[in-house]
2 protein chains.
Amino acid sequence: MTSKDETIAARISRALAERIIAGTIAPGTRLRQDHVAAEFGASHVPVREAFRRLEAQGLAISEPRRGVRVAGFSLDEIREVAEMRAALEVLALRNAVPHLTKAVLDEAEEVNRAGERAKDVESWEDTNRTFHRLILTPCGMPRLLKTIDDLHTASARFLFSGWRAEWEAPTDRDHKAILAALRAGDGEMAASVLARHVQWPGHKGRK
Amino acid sequence: MTSKDETIAARISRALAERIIAGTIAPGTRLRQDHVAAEFGASHVPVREAFRRLEAQGLAISEPRRGVRVAGFSLDEIREVAEMRAALEVLALRNAVPHLTKAVLDEAEEVNRAGERAKDVESWEDTNRTFHRLILTPCGMPRLLKTIDDLHTASARFLFSGWRAEWEAPTDRDHKAILAALRAGDGEMAASVLARHVQWPGHKGRK
DNA sequence: TGTCGACAAATTATAGATAAAATAGCGAAT
DNA sequence: ATTCGCTATTTTATCTATAATTTGTCGACA
């Protein structure tokens with residue numbers, strides 16, 4: 001088989017997740033297992049398992065005998081995800097501070113510069129996520145990091161949904177401020193900036 | 001059929017979760033889908049979906065071609081879950097305060113009293129969870145509440161694992177303090193007590 | 001005696017097929 | 001004309017069977 005040590009269900013799950021995040025599949029769309037199975041050249045059993053993963057990530061909702069639909073999102077949900085991210089990323093950063101090395105900070109700065117050169121939302125989002133992951137991973141709390149990652153993908157959905165056209169590369173002042181505070185050893189300052197920064201992803205007007 | 005509008009996969013998932021939490025199945029145990037399927041009188045397809053849910057909850061870990069095992073837990077993980085709960089429950093409580101009614105607080109007080117009369121860890125845990133859910137649900141943030149709920153089940157695992165024998169009904173002073181602060185309208189005080197309260201579940205020695 | 005290799009058994013993962021349930025469409029009756 | 005009920009189609013959920021991968025054991029050779 002052409003499998004690369006990855007289960008088919010996982011591959012389908014990731015592919016669908018990317019589409020949902022990118023907005024290719026509209027919220028509320030019914031995901032029909034047979035159609036998806038046919039498209040990926042698989043049967044619908046792995047498709048079902050992929051649905052469960054999407055459900056766990058909050059990207060889809062499944063009603064008992066009525067199928068699976070792409071999760072919609074309201075303004076309240078955007079706010080909810082933002083607040084959860086703020087709380088958890090601050091927690092992660094506080095635990096990461098003692099383990100942050102200069103090498104990590106340098107790499108984060110480089111990633112940040114790359115983000116400023118990004119020409120579209122997708123690549124900017126990618127560097128943005130990399131930046132956050134870089135400075136948070138040293139906390140060594142896998143469950144926390146996974147939860148944050150799921151929230152980040154949810155944020156990405158919101159980001160891609162509305163400001164695709166009028167998007168422009170933000171200078172990421174917040175990232176710079178966080179790095180500066182971390183280099184100065186002021187973890188609390190970095191945490192408070194991070195909390196504000198995450199609050200409304202992409203809402204430059206509130207900065 | 002005896003189905004109560006609940007999918008077989010969901011029923012199996014809940015049954016297994018209860019056993020894992022209760023410690024009936026030891027951490028590291030390999031969950032064999034055929035055995036589980038036979039026990040529940042089902043085939044292994046819904047069992048697989050149940051495994052995915054357990055995996056999402058952090059109760060089991062699945063390695064690509066090597067099966068599913070009950071997740072183990074270290075002291076670091078206990079600490080991690082506790083800190084996540086502290087951060088998220090505080091967030092939920094802050095958002096719930098404006099919507100808290102006297103009726104809810106009265107009910108919470110009643111539940112708390114019932115908890116003090118509990119004779120075993122299981123029933124105490126049940127009332128404990130009910131208490132937390134009662135005062136947090138009014139925040140109206142479904143995703144946050146679900147995440148907290150998953151963390152709570154993880155906490156329950158830890159709680160059941162060690163102190164089963166020498167357990168005694170705690171007077172739940174913290175719960176009372178939280179209720180008192182809420183009745184006085186002091187949401188911040190309630191939040192800070194809650195944060196401390198959640199930090200190390202069951203570790204009375206650190207109070 | 002220790003290690004390498006191959007064979008066999010067990011188990012997981014996927015595929016194809018079947019049955020149950022819900023929705024939608026159509027018809028008749030009021 | 002509208003509403004209620006029935007039938008048919010679509011779709012989900014489960015079961016049985018098959019294929020592939022891994023693990024454990026046995027034997028031979030160095």
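A note on names: the letters A, B, ... follow the listed sequences, proteins ahead of strands, and every chain is numbered from 1. Excluded from the calculations below are hydrogen atoms, water molecules and symmetry mates; all remaining heavy atoms, backbone and side chain alike, are included. Because the structure is predicted, anything quoted here is derived from the model rather than measured.
A:Asp172 contributes no side-chain N or O that, together with a main-chain N or O of A:His175, makes up a donor-acceptor pair within less than 3.5 Å.
Residues from residues 33-52 of chain A lying near DNA chain D, meaning a heavy-atom separation below 4.0 Å, are A:Gln33, A:Asp34, A:His44, A:Arg48 in numerical order.
Taking atom CD1 of A:Ile8 as the reference point, atom C1' of C:dA15 lies 10 Å away to the nearest angstrom. If you take CG of B:Leu31 and P of C:dA13, they are 12 Å apart, rounded to a whole angstrom. The nearest whole Å value for the distance from the CD atom in B:Glu63 to the C1' atom in C:dT12 is 13 Å. Atom CZ of A:Arg32 is separated from atom P of D:dT10 by 11 Å (rounded to the nearest Å). One can place CZ of B:Arg69 at 12 Å from P of C:dT12, the figure rounded to the nearest angstrom.
Residue pairs that meet the salt bridge (charged side-chain N to carboxylate O under 4.0 Å, His left out) test with at least one member in residues 138-156 of chain B, sequence neighbours left out, are B:Arg129-B:Asp149, B:Arg133-B:Asp149, B:Lys146-B:Asp150. Residue pairs that meet the salt bridge (charged side-chain N to carboxylate O under 4.0 Å, His left out) test with at least one member in residues 26-47 of chain A, sequence neighbours left out, are A:Arg19-A:Glu39. Applying the salt bridge (charged side-chain N to carboxylate O under 4.0 Å, His left out) test to pairs two or more places apart or on separate chains, those with a residue in residues 43-52 of chain A are A:Arg48-B:Glu49, A:Glu49-B:Arg48, A:Glu49-B:Arg52, A:Arg52-A:Glu55, A:Arg52-B:Glu49.
Residues passing the ring-ring contact (aromatic ring centres under 6.0 Å, His included) test with B:His44: none are found, sequence neighbours excluded. Contacts of A:Ser43 classified as side-chain hydrogen bond (donor to acceptor under 3.5 Å, both in side chains), with partners at least two apart in sequence or in another chain: none.
Residue B:Arg66 has a polar side-chain atom (N or O) positioned under 4.0 Å from OP1 or OP2 of D:dT23.
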